[in-house]
Amino acid sequence: HQLAIAVVGNDGDRPHVLGHVSPDLRTAFVQLQQSGPATAPAMAHALDWALDRALEALDALVGLRLLRREGASYHPLLTQ
């Protein structure tokens with residue numbers, strides 16, 4: 001089923017991903033959790049990736065409902 005979830009520990013740490021995600025998705029998820037909202041070009045620059053690679057990872061995370069998109073920006077899920 002290729003499911004993935006974001007979990008937060010009891011200590012209130014940042015969310016992390018469990019389940020079926022590629023290394024690129026995991027890297028993009030962690031980067032966005034650390035940096036806060038970002039556009040795909042900003043994410044590509046931060047990770048030294050091609051824009052297409054960043055877009056693919058971010059859009060896949062949105063599809064898995066692990067991130068949300070507002071306009072051109074991708075946002076971490078709210079955890080509180």
Side-chain angles (χ1 to χ4, degrees):
H1 292 286
Q2 298 183 354
L3 299 175
I5 61 170
V7 296
V8 178
N10 290 337
D11 55 5
D13 281 345
R14 290 190 174 129
H16 59 279
V17 178
L18 295 178
H20 183 80
V21 293
S22 69
D24 277 2
L25 270 60
R26 191 173 308 277
T27 298
F29 180 86
V30 168
Q31 177 64 31
L32 200 70
Q33 294 300 320
Q34 293 173 349
S35 69
T39 63
M43 180 69 68
H45 178 74
L47 295 173
D48 196 26
W49 286 359
L51 179 58
D52 287 348
R53 183 178 178 188
L55 278 168
E56 185 176 317
L58 291 167
D59 287 342
L61 289 166
V62 169
L64 290 169
R65 299 181 183 207
L66 296 174
L67 301 179
R68 60 188 168 84
R69 185 174 180 180
E70 292 181 18
S73 294
Y74 295 84
H75 297 258
L77 297 176
L78 301 175
T79 58
Q80 298 177 350

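Keep in mind the model is a prediction, meaning the values are calculated, not measured.
To the nearest 0.5 Å, atoms CG (Leu66) and OH (Tyr74) are separated by 14.0 Å. A distance of 5.5 Å separates CD in Gln31 from CE in Met43, rounded to the nearest 0.5 Å. In this structure, Leu67 CG and Ser73 OG are separated by 12.0 Å, a value rounded to the nearest 0.5 Å.
Under a cut-off of 6.0 angstrom, the local environment of CD in Glu56 is sparse, with at most 12 non-hydrogen atoms contributed by other residues, nucleotides or ligands.
Under a hydrophobic clustering in which Ile, Leu, Val, Met, Phe, Trp and Tyr are joined whenever their side-chain heavy atoms come within less than 4.5 Å, directly or via other members, Leu25 and Val30 fall into different clusters.
For Arg68 against Val62, the heavy-atom pair with the smallest separation is C-CG2, 4.3 Å. The minimum heavy-atom distance linking Ala28 with Leu61 is given by the pair CB-CD1, 3.9 Å.
By the side chain to side chain contact (heavy atoms under 4.5 Å, CB included) test, Arg65 is found to be paired with no residue, residues two or more places apart in sequence or in another chain being considered.
Listed by first then second residue, pairs satisfying side chain to side chain donor-acceptor pair (under 3.5 Å) with a partner in residues 37-53 read Asp24-Arg53, not counting sequence neighbours.
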